[in-house]
Amino acid sequence: MSILVELQSRFRAALAGLVDDPSEFLKLVQPAADAQFGDYQANLAMPLGKRLGKPPREMAQQVLQRLDVADLCKQPESAGPGFINLQLRDDWLGNHLQTLLGDGRLGAASATVARRFVIDYSAPNIAKPMHVGHVRSTVIGAALDRTLRFLGHRVISDNHIGDWGMQFGMILYGYKHLRNEAAYEQNPVAELSRLYRLVNLLVGYHEDMAALPELKSRLERQEQVVAEMVAQPPPTEKAALKQAAKALGRAEDQIDQLRKLLSSTHERIARIEGDPGVEHLARAHPDIRSAVLAETAKLHAGDAENRRIWRNVLPACRDEIDRIYRRLQVTFDYTLGESFYEDKLAGVVEDLERRGIARPSNGATCVFIEGHETPFLIRKQDGAFLYATTDLATIQYRMQTWQPDAILYVVDHRQSLHFEQLFATARQWGYRDVELQHVSFGTVLGDDGRPFKTRSGDTVGLESLLDEAVSRALAVVSASDEKKPGRDAAREDNRGQIAEAVGIGAIKYADLSQNRTSDYIFSYDKMLAMNGNTATYMQYAYARVRSIFAKGNVDLAAIRQDAVPISLAHSAERSLAVAIAQFPEALGLVVADYRPNHLTSYLFELANRYSTFFENCPVLKAETHALRASRLKLCDLTARVLKLGLELLGIRVVEKM
RNA sequence: GCUCCCGUAGCUCAAUCGGAUAGAGCAUCUGCCUUCUAAGCAGAAUGUUGCAGGUUCGAGUCCUGCCGGGGGUACCA
């Protein structure tokens with residue numbers, strides 16, 4: 001049971017008769033912003049007063065007269081311009097916690113209306129190794145997956161891996177023309193990823209070279225424009241003068257931008273030309289871009305050799321990403337990659353054309369969408385399909401196969417235009433009763449504020465990040481052991497497992513604790529931190545609770561059934577109790593806007609309050625037996641909420657640290 | 001050009017569809033391990049929420065303009 005939901009229903013009853021639809025006011029019943037205002041607050045008297053044309057303070061009084069919360073709360077008070085402050089009764093809170101002791105769900109009710117979700121997350125491109133950019137989608141997606149499932153929804157997780165696009169054309173081209181057979185024999189995935197990067201580099205080089213003349217002439221034109229503007233006699237009128245200055249500034253900005261673009265293009269070209277080996281390859285493969293596209297088209301058209309290579313190469317790539325998923329403990333119900341839909345693509349385009357949703361334009365097939373300047377391309381001039389086509393086929397398949405109420409795409413926010421167009425097209429196509437959600441997240445940036453890359457231009461591999469995290473955690477575990485001699489010897493064997501849980505947990509938490517919509521600057525130290533607001537802090541709090549149980553030989557089953565009332569006399573006990581009871585509210589926030597950072601904030605707050613409790617309230621040495629039992633109950637609930645909450649985030653707890 | 005997002009403490013980030021005195025962590029400083037794990041606790045210091053207007057009982061949040069940064073923008077994903 002959620003206290004907030006209960007309070008809202010009490011307010012609903014109180015508002016009945018005052019307004020027709022109380023819903024918009026009920027959302028103003030919230031946990032208190034500050035402990036001095038109690039546990040919960042209702043901010044509805046002000047807007048209500050405005051609606052009914054009465055002074056807000058009077059309105060608050062009127063609501064209070066109609067409000068029946070005497071069983072849960074102390075006498076509510078009205079404060080300030082009309083805030084209503086509510087404080088839970090200690091006896092009610094104690095009883096409530098008592099019922100939670102016997103509740104495996106810790107108060108989190110199963111959804112009354114179970115929805116069916118398809119969650120599309122992780123989706124790496126299997127032609128290249130997973131890097132830090134894949135962590136966010138994987139970790140956020142998995143957390144939403146687990147949380148929705150826990151709340152009683154039907155969830156189908158589907159890893160839509162990239163195994164069919166132009167990136168595979170690059171692999172094919174590289175495999176055929178640039179492969180080092182010995183390296184491939186030894187480590188196929190490493191060689192494939194080298195080939196992918198190499199071909200990508202060469203394609204980029206020729207694109208840069210091709211773009212250069214146009215870029216130069218644009219710059220010259222722009223410089224001329226500015227020169228003419230400067231040569232103009234300045235207008236005499238003040239307003240016109242200001243206008244002219246502004247226009248000049250903008251034109252100069254464009255020059256700056258063009259110069260930057262030009263110089264970065266020159267830089268890339270120089271890098272290639274400065275490397276004799278690569279330069280030689282660039283000269284030897286002048287038409288590489290169109291050749292790559294041709295390989296892609298051939299694969300799609302069913303060319304026997306390309307299909308054979310594709311089939312041979314795929315298993316090794318899949319093994320590679322599966323190894324990372326095992327380590328992250330992420331699993332999917334389905335892994336239906338782009339290739340799964342290849343035989344459906346032509347039908348999709350045909351169907352959309354027949355219905356008049358798509359039409360040919362400049363040799364390609366497009367969907368024109370109102371409000372969008374550029375069309376949504378579903379087939380290229382050369383006949384090849386695009387990821388738009390695949391995504392449409394995927395929607396069709398998911399709807400036919402699973403009839404979901406919602407499809408969530410956990411994907412970088414840079415693809416928002418694509419999803420807008422995709423969803424708009426899907427709706428025109430007839431899929432109107434499904435919630436199509438782009439659960440977007442911000443980009444991982446480097447120190448320079450640009451999308452994250454290492455100096456060499458390669459993104460940081462995910463696996464090395466995981467290794468680094470675990471090895472740092474191991475160092476901390478070992479250091480902590482040495483500081484406290486006299487621990488049990490079996491402990492040594494556990495260090496590796498503890499380090500794995502702590503290290504991986506740190507990385508996951510770093511991503512989950514951020515509002516997913518913000519970009520963030522990647523930092524090893526931050527991602528691998530084990531102090532402060534980190535998964536480690538919660539794991540540590542959990543281990544401290546478990547340590548009390550171990551030391552006291554506590555029989556938890558007996559404690560849970562013990563009739564001794566829970567005492568909340570100490571402020572640390574009470575504040576901990578309130579946090580425990582608010583677990584369901586945190587889960588509600590997570591699913592309301594698909595943001596796991598609500599759960600991390602909650603768990604940090606809970607663990608924080610536990611630490612205060614731990615310092616101030618002796619458990620095993622409590623003054624009386626009853627107090628000892630009461631505190632053990634608080635410990636038990638804290639540990640269980642921490643464990644369950646972290647599990648929903650995909651983070652493991654350990655018994656000792 | 002069009003379009004979307006962002007600008008909060010020295011740094012990295014929060015702030016529940018507009019709520020009370022804008023909060024954490026890191027870094028800095030001061031205390032606390034013979035008492036259940038110091039990966040911790042208690043405390044100090046840190047702000048013109050980019051700027052200027054507007055809307056209202058109330059604005060980091062909404063509107064307008066400006067400044068600054070980033071993304072996307074017809075055949076990559």
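In what follows, chains are A, B, ... by sequence order, proteins preceding strands, each numbered from 1.
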- Query: For V654(A) and A501(A), which heavy atoms make the closest approach, and how far apart are they?
  - Reply: CG1-CB, 3.8 Å

- Note on the structure: Quick note, side chain to side chain donor-acceptor pair (under 3.5 Å) partners involving residues 385-395 of chain A, not counting sequence neighbours, are Y387(A)-H418(A), D391(A)-H418(A)

- Task: Go ahead and write out RNA chain B as dot-bracket, 5' to 3': ( ) for pairs within the strand, [ ] for ones crossing earlier pairs, | when the partner sits on another strand, dots for unpaired; Watson-Crick or G-U wobble, both distances under 3.5 Å.
- Result: (((((((..((((.....[...)))).(((((.......))))).....(((((..]....))))))))))))....

- Message: Using 30° and 60° as the class boundaries, would you call the ring planes of F522(A) and Y524(A) parallel, tilted or perpendicular?
- Response: perpendicular

- Message: Suppose we screen for side-chain contact (heavy atoms from CB on, under 4.5 Å). Which residues come up paired with K50(A), at least two apart in sequence or across chains?
- Response: none

- Give a yes or no on whether a donor-acceptor pair under 3.5 Å exists between the nucleobase atoms of rA39(B), that is its base, and the side chain of Y540(A). no

- Item | Listed partners of F604(A) passing ring-ring contact (aromatic ring centres under 6.0 Å, His included), at least two apart | Y537(A)

- Task: Using the six-membered ring wherever Trp is involved, compare the ring planes of W164(A) and H300(A) and label them parallel, tilted or perpendicular (cut-offs 30° and 60°).
- Result: parallel

- Partners of R516(A) by salt bridge (charged side-chain N to carboxylate O under 4.0 Å, His left out), sequence neighbours excluded? none

- Message: For H413(A), give me all partners under side-chain contact (heavy atoms from CB on, under 4.5 Å), at least two apart in sequence or on another chain.
- Response: S440(A), T443(A), D519(A)

- When all nucleic acid strands are considered with a 4.0 Å heavy-atom cut-off, which category describes N85(A): base, sugar-phosphate, or nothing? base

- If the C1' atom of rU34(B) is compared with that of rA38(B), how far apart are they to the nearest Å? 15 Å

Collect all protein-nucleotide pairs involving nucleotides 10-16 of chain B in which both atoms are nitrogen or oxygen and the distance is under 3.5 Å.
from    : atom 1 : to      : atom 2 : distance (Å)
rU12(B) : O2'    : K526(A) : NZ     : 2.5
rC13(B) : OP1    : I521(A) : N      : 2.5
rA14(B) : OP1    : N515(A) : N      : 3.2
rA14(B) : OP1    : N515(A) : O      : 3.3
rA14(B) : OP1    : S518(A) : OG     : 2.2
rA14(B) : OP2    : S518(A) : OG     : 3.4
rA15(B) : OP1    : R595(A) : NH2    : 2.2
rA15(B) : OP2    : N515(A) : ND2    : 3.3

- Closest nucleotide among rA39(B), rU37(B), rG19(B) to the S547(A) side chain: rU37(B)

- Could you pull out all residues at least two apart from A358(A) that satisfy side-chain contact (heavy atoms from CB on, under 4.5 Å)? L352(A), E353(A), T365(A), V367(A), I378(A)

- Just how far, in rounded Å, is P of rG18(B) from CE of M46(A)? 13 Å

- Task: Output yes if the stacking criterion (under 5.5 Å between centres, under 30° between planes) is met for F83(A) over the base of rA20(B), else no.
- Result: yes

For nucleotides 24-31 of chain B, print each protein N/O atom paired with a nucleotide N/O atom at under 3.5 Å, atom names and distance only.
none

- Message: Under 4.0 Å, heavy atom to any atom of RNA chain B: which of residues 362-375 of chain A qualify?
- Response: N362(A), A364(A), C366(A), E373(A), T374(A), P375(A)

- Query: Looking at the side chain of V476(A), which of rA38(B), rA39(B), rA20(B) is the nearest nucleotide?
  - Reply: rA39(B)

- Using a cut-off of strictly less than 4.0 Å between a heavy atom of the residue and any atom of RNA chain B, enumerate the qualifying residues of residues 610-625 of chain A by number. S611(A), T612(A), F614(A), E615(A), C617(A), P618(A), V619(A), L620(A), K621(A)

- Query: Mind checking what makes salt bridge (charged side-chain N to carboxylate O under 4.0 Å, His left out) contact with E342(A), not counting sequence neighbours?
  - Reply: R307(A)

- For RNA chain B, whose closest nucleotide is more 5', that of E24(A) or that of A607(A)? E24(A)

